[in-house]
Protein chains: 2
Amino acid sequence: MRIGELAQRAGTTTRTLRYYESRGLLPARRAVNGYRAYGEEDLRLLRQIRLLQDFGFELEETRPFVDCLRAGHPSGDSCPASLEVYRRKLAEIDECLARLQAVREQVQGQLLRAQVEASAEHPGEPLCEVKPNAASNEWVEGN
Amino acid sequence: MRIGELAQRAGTTTRTLRYYESRGLLPARRAVNGYRAYGEEDLRLLRQIRLLQDFGFELEETRPFVDCLRAGHPSGDSCPASLEVYRRKLAEIDECLARLQAVREQVQGQLLRAQVEASAEHPGEPLCEVKPNAASNEWVEGN
DNA sequence: GTAGACCTTGACGCCGACGTCAAGGCCAGC
DNA sequence: GCTGGCCTTGACGTCGGCGTCAAGGTCTAC
């Protein structure tokens, strides 16, 4: 299998594959004409990488999973190093969620305060036009 | 007030202030010697920018707030354009939170599955060493 | 008059994961 | 033999928000 086919089957681009190879993540055998030659196993490795990338893992963080697969294990997370990456990532995600939720509350508070102040300057305009109870949700999740 | 003092009082750097000026966000008057000259009002504008930046707003998104303050309004979010940015940002944050929580569940699921499979290969090692009930939390939030 | 603390503009560096273009080699089909 | 589709390496561009360095001007204190 050449690079174009592998890229297509994995839903990515040839540029990406060459980039992974340049990082030492997915080296390729070479045909006599110099073309990169991949096998089905490479497709598995690549799919593992793409999955983690889609999760937001950095490229370096996928390396233990690829190494694990290449070592013959049934799945990329069959090795302690991969599990450790999972745990670290979960901790990172939790931190990120906490920060994001804190910011959300801040912004929400600012918005509500500013809207109240605006309504105080223009008493004729109502805070909510339709449903008083669902109003705060409408403002947040509406268009 | 010169650039160094303003930067210090706002807890940022001169490089940052020059960058904001290059973006047209915080232009400065000039003294006869060419030095940038700022007033107390500029400090207010700058603090508004920094607050939003700390929230994760992009620089361009702070512009309506700065314009609003500069127009004489009591706070940067007294203008409709600012409120609109608040709302857009809340929507973005909600999207981000949803994506992050979905990923969290995926990763968590992968981790649990992988750990179970690992324990199946090495039946002698227990899944949890101490407290069975708090185990899943320990794995996530522990160091 | 000189050290040194401030200021100026200009320009390159950084980070990650590629996109995109250039110049050229390889191979199949007509 | 020639067109067109694939492949090669190399190198620069992208995005945001600055950091950092260079070369030089300005002002104050001694």
Side-chain angles (χ1 to χ4, degrees), chain A residues 1-39 42 45-66 85 88-89 92-93 96 99 103, chain B residues 1-39 42 45-66 85 88-89 92-93 96 99 103:
Chain A
M1 184 173 15
R2 291 180 306 183
I3 194 170
E5 186 184 346
L6 179 59
Q8 191 186 351
R9 287 179 66 184
T12 182
T13 69
T14 62
R15 178 68 183 92
T16 296
L17 298 189
R18 279 188 271 260
Y19 178 63
Y20 291 171
E21 181 170 10
S22 80
R23 305 277 87 193
L25 201 58
L26 194 66
R29 285 167 295 117
R30 296 301 179 119
V32 279
N33 57 10
Y35 287 12
R36 287 172 179 82
Y38 300 94
D42 292 313
L45 301 185
L46 181 51
R47 284 193 167 138
Q48 172 76 78
I49 298 173
R50 296 307 299 176
L51 176 68
L52 297 176
Q53 284 274 87
D54 289 343
F55 283 168
F57 284 48
E58 292 174 16
L59 211 49
E60 274 312 308
E61 295 177 319
T62 73
R63 197 178 293 271
F65 295 79
V66 177
V85 173
R88 257 189 14 231
K89 211 64 191 176
E92 277 179 37
I93 292 173
C96 194
R99 274 202 315 271
V103 167
Chain B
M1 182 173 15
R2 292 180 304 186
I3 194 172
E5 186 183 347
L6 179 60
Q8 191 186 351
R9 287 179 64 185
T12 182
T13 68
T14 62
R15 178 67 182 94
T16 296
L17 298 189
R18 279 189 271 259
Y19 177 64
Y20 290 170
E21 182 170 9
S22 80
R23 305 277 88 192
L25 201 60
L26 195 65
R29 286 169 292 119
R30 296 301 180 119
V32 281
N33 56 12
Y35 287 12
R36 289 173 179 83
Y38 300 94
D42 293 312
L45 301 185
L46 180 52
R47 284 191 169 140
Q48 173 75 80
I49 298 173
R50 294 309 297 177
L51 176 67
L52 297 176
Q53 284 275 86
D54 289 343
F55 283 167
F57 284 48
E58 291 174 17
L59 211 49
E60 274 311 308
E61 295 177 318
T62 73
R63 197 179 292 273
F65 295 80
V66 176
V85 174
R88 258 191 10 233
K89 210 64 192 179
E92 279 179 36
I93 291 172
C96 192
R99 274 203 314 273
V103 167

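Values in this document were obtained by computation on a predicted structure and should not be read as measured data. Reminder, nothing fancy here: chain letters follow the sequence lines and each chain counts from 1.
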Neighbour count >12 (heavy atoms, 6.0 Å) for atom CD, B:E5
yes
Applying the side chain to side chain contact (heavy atoms under 4.5 Å, CB included) criterion to A:Y20, which one of A:L46, A:T12, A:T62 satisfies it?
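Exactly one pass, corresponding to A:L46.
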The side chain of A:I3 is closest to which nucleotide in this list: C:dA17, D:dT8, D:dT26?
D:dT8
What nucleotide, of D:dT9, D:dC18, C:dC26, holds the atom closest to the side chain of A:R30?
D:dT9
Output the rounded distance in Å from [atom1] ([X]) to [atom2] ([N]).
X     : N      : atom1 : atom2 : result
A:R63 : C:dA17 : CZ    : P     : 11 Å
A:D54 : C:dG16 : CG    : C1'   : 16 Å
A:E60 : C:dC15 : CD    : P     : 13 Å
A:E21 : C:dA17 : CD    : C1'   : 16 Å
A:L52 : C:dG16 : CG    : P     : 17 Å
B:R29 : C:dT8  : CZ    : P     : 13 Å
B:L25 : D:dG16 : CG    : C1'   : 14 Å
A:R2  : D:dT8  : CZ    : C1'   : 12 Å

For the pair A:R88 and A:E61, find out whether any cationic side-chain nitrogen is under 4.0 Å from an anionic carboxylate oxygen.
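A salt bridge is present here (some side-chain N lies under 4.0 Å from a carboxylate O).
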Are any of the side-chain nitrogens in A:R18 or A:E21 under 4.0 Å away from the carboxylate oxygens of its partner?
no
Between A:R29 and A:Y35, is any side-chain donor less than 3.5 angstrom from a side-chain acceptor?
no
Counting the atoms with a prime plus P, OP1 and OP2 as sugar-phosphate, which does B:R36 contact under 4.0 Å by heavy atoms, base, sugar-phosphate, or nothing?
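Sugar-phosphate, backbone atoms only, no base.
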Base, sugar-phosphate or nothing for A:R23? Non-hydrogen atoms, less than 4.0 Å.
nothing
OP1 or OP2 of [N] versus the side-chain N and O atoms of [X]: is any pair under 4.0 Å?
X     : N      : result
B:N33 : D:dC27 : yes
A:T16 : C:dG19 : yes
B:R18 : D:dC18 : no
B:T13 : D:dG19 : yes
A:Q53 : C:dG16 : no

What about A:Y19, does its side chain sit under 3.5 Å from the base of C:dG19 through a donor-acceptor pair?
no
Presence of donor-acceptor pair under 3.5 Å, side chain of A:R15 and base of C:dT20
yes
Between B:V32 and B:R50, just flag the one whose closest nucleotide in DNA chain D comes earlier from the 5' side.
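The residue whose closest nucleotide sits nearer the 5' end is B:R50.
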